[in-house]
Amino acid sequence: MASNTPAKREAPRQTAHSSVADVLRARILDGHYPGGARIRQEDVAEEFRLSRIPVREALRSLEAEGLLIIEPRRGARVASVDRSELEQIYTLRAAVEPLAIRQSIPNLEAADIAEMEYLAGRMEEAEDIESFLAIDRRFHLTSYRGVRFPLIVQLVERFWNTTQHYRRSLAENRTPEDFQLAHSDHRLLIQTARDGNEDVAAAIVTRHIERTRDSLMKMPE
């Protein structure tokens, strides 16, 4: 006898996996899931009304991005780093991102620079920390849009992902003067992009990262 219960319909696996990954990524980056928080595969599957297969694929994708750590028999937890690891990541950022901007500047299109200008304006008008952080991330990733080595951008995004919670804490304690310095760096970076000046752009990025690193190291545990 045929069952009267409607069959559960799932989106194609790739679509379902991508949708779940997008939602979980946003929740991690906006602080909904704090560092160290457990994300249970069964709970996610139930929430999205999916089987565990696309959920498992989504979690693995986020692990590859540096947002999750998947432990055998314990499941997934939001990645977090200690202060020593944080300092190491910022030291690596100070080496990798100037290289990225040098490679990107010659390949940026007028539309990319216009988008940077738009995002800088939105940052200056942001009324809350989460908006500022999200736009700041978009601004810098847009500035690296001309990079021709995908691995560099993957490294940059992974570094940003694993330090998101620290940047949020720092932003919550910044003074208006601190924000003004950041805005000035962004405007200078836009001008160097227009001028095609790779050396100055690299110097701005280095200073921007090192200033953030020094501020983070001064924060209490």
Side-chain angles (χ1 to χ4, degrees), residues 16-97 123 126 128-141 151-175 178-179 182 208-221:
H17 147 251
S18 299
S19 298
V20 172
D22 288 346
V23 172
L24 295 181
R25 183 186 301 106
R27 290 178 182 176
I28 294 169
L29 293 176
D30 70 13
H32 179 83
Y33 293 134
R38 292 283 173 186
I39 298 181
R40 299 180 68 246
Q41 182 176 290
E42 308 81 43
D43 294 342
V44 177
E46 182 177 355
E47 177 184 354
F48 288 89
R49 301 182 67 185
L50 294 168
S51 70
R52 295 188 183 187
I53 295 175
V55 173
R56 187 181 307 123
E57 291 173 352
L59 296 179
R60 286 174 177 166
S61 293
L62 296 178
E63 181 183 37
E65 294 175 20
L67 288 168
L68 291 179
I69 295 172
I70 299 177
E71 302 169 313
R73 296 182 296 280
R74 299 192 65 185
R77 63 178 173 85
V78 178
S80 59
V81 296
D82 60 28
R83 289 176 71 86
S84 174
E85 292 168 324
L86 179 68
E87 186 170 15
Q88 292 176 55
I89 290 170
Y90 267 83
T91 299
L92 288 170
R93 280 191 60 189
V96 172
E97 292 190 43
M123 260 189 288
D128 62 88
I129 295 301
E130 292 308 323
S131 295
F132 173 84
L133 290 172
I135 301 167
D136 182 57
R137 180 188 178 95
R138 283 183 58 192
F139 174 89
H140 286 284
L141 292 181
L151 181 57
I152 294 178
V153 178
Q154 291 171 21
L155 282 171
V156 169
E157 290 196 49
R158 187 179 181 91
F159 293 154
W160 278 64
N161 288 343
T162 55
T163 57
Q164 176 76 358
H165 303 298
Y166 280 99
R167 287 199 311 280
R168 177 177 294 105
S169 296
L170 179 61
E172 289 170 348
N173 290 281
R174 274 182 164 173
T175 66
D178 293 331
F179 280 107
H208 196 70
I209 293 170
E210 290 179 345
R211 184 191 302 131
T212 302
R213 180 193 62 196
D214 293 345
S215 296
L216 284 168
M217 291 301 103
K218 292 175 184 176
M219 286 179 61
E221 290 283 357

Judged by atom type as modelled, is there a donor-acceptor pair below 3.5 Å linking the side chain of Asp136 to the main-chain atoms of Phe132? no
When rounded to the nearest 0.5 angstrom, what distance separates CG in Asp30 from CD in Gln164? 8.5 Å
Side chains of Leu216 and Glu87, heavy atoms from C-beta outward: is any pair under 4.5 Å? no
With side chains defined as the heavy atoms from C-beta onward, is the minimum distance between Leu29 and Leu67 less than 4.5 Å? yes
Using a strict 4.0 Å threshold on nitrogen-to-oxygen distance, state whether Asp214 and Arg211 make a salt bridge. no
Set out, in order, the CA-CA distance, both residues' side-chain angles and the distance that settles side chain to side chain contact (heavy atoms under 4.5 Å, CB included) for Arg25 and Leu62, then state yes or no. CA-CA 7 Å; Arg25 183 186 301 106; Leu62 296 178; 3.9 Å; yes
Is there a side-chain contact between Leu170 and Met219, using heavy atoms and a 4.5 Å cut-off? yes
Just wondering, do Trp160 and Arg167 contact through their side chains at under 4.5 Å, heavy atoms? yes
Working note: Ser80 + His165, criterion side chain to side chain donor-acceptor pair (under 3.5 Å); need CA distance, chi angles, decisive distance, verdict. CA-CA 8 Å; Ser80 59; His165 303 298; over 6 Å; no
With sequence neighbours left out, what residues match Arg27 under side chain to side chain donor-acceptor pair (under 3.5 Å)? Tyr33, Glu47
Is it true that Arg158 and Glu65 have a side-chain N and a carboxylate O under 4.0 angstrom from each other? no
Look up atom CD1 in Ile69 and atom CD in Glu63, then write down how far apart they are to the nearest 0.5 Å. 8.0 Å
Euclidean distance, Ile135 CD1 relative to His140 NE2, rounded to 0.5 Å: 12.0 Å
For Phe159 and Leu155, what are the C-alpha separation, side-chain angles and deciding distance, and is it a side chain to side chain contact (heavy atoms under 4.5 Å, CB included)? CA-CA 6 Å; Phe159 293 154; Leu155 282 171; 4.3 Å; yes
Looking only at heavy atoms, the pair that brings Val78 and Pro34 closest together is CB-O, 3.3 Å
Just how far is it from atom CD of Gln41 to atom CD1 of Ile70, taken to the nearest 0.5 Å? 8.5 Å
Please assess Arg40 against Val44 for the test side chain to side chain contact (heavy atoms under 4.5 Å, CB included), listing each intermediate value before the final yes or no. CA-CA 6 Å; Arg40 299 180 68 246; Val44 177; over 6 Å; no
Under 6.0 Å from the CD atom of Glu46, do we count more than 12 heavy atoms belonging to anything else shown? no
Nearest heavy-atom pair of Ala171 and Ile129: which atoms, and what distance? O-CD1, 3.5 Å
With a 4.0 Å cut-off, would you call Glu71 and Arg38 a salt bridge? yes
Does Arg213 use its side chain to pair, donor to acceptor, with the backbone of Thr91 at less than 3.5 Å? no
Side chains of Glu57 and Ser61, heavy atoms from C-beta outward: is any pair under 4.5 Å? no
Passes side chain to side chain contact (heavy atoms under 4.5 Å, CB included), Val55 versus Phe48? Steps please. CA-CA 9 Å; Val55 173; Phe48 288 89; 5.7 Å; no
Would you confirm whether Tyr166, through its side chain, and Val81, through its main-chain N or O, come within 3.5 Å as a donor-acceptor pair? yes
State the OG1-CZ distance between Thr163 and Arg93, to the nearest 0.5 angstrom. 6.0 Å
Roughly how far apart are Arg60 CZ and His17 NE2, rounded to 0.5 Å? 10.0 Å
Within a strict 4.5 Å, meaning less than it, do heavy atoms of the Arg77 and Ile39 side chains meet? no
Side chain proximity check, Val20 to Leu59, heavy atoms < 4.5 angstrom: no
Quick one: does Asn173's side chain have a donor or acceptor within less than 3.5 Å of a partner on Ser169's backbone? yes
For Ala76 and Leu68 the tightest heavy-atom approach is CB-CD1, 4.3 Å
Show your working on side chain to side chain donor-acceptor pair (under 3.5 Å) between Ser131 and Asp128 and close with a plain yes or no. CA-CA 6 Å; Ser131 295; Asp128 62 88; 2.9 Å; yes
Please check if the side chain of Arg56 supplies one atom and the backbone of Ser51 the other of a donor-acceptor pair under 3.5 Å. no
Shortest non-hydrogen contact from Ala79 toward Gly66: CB-O, 3.4 Å
What residues, two or more places apart in sequence or in another chain, satisfy side chain to side chain donor-acceptor pair (under 3.5 Å) together with Ser215? none
Can you check whether Thr175 reaches Asp178 side chain to side chain, under 4.5 Å on heavy atoms? yes
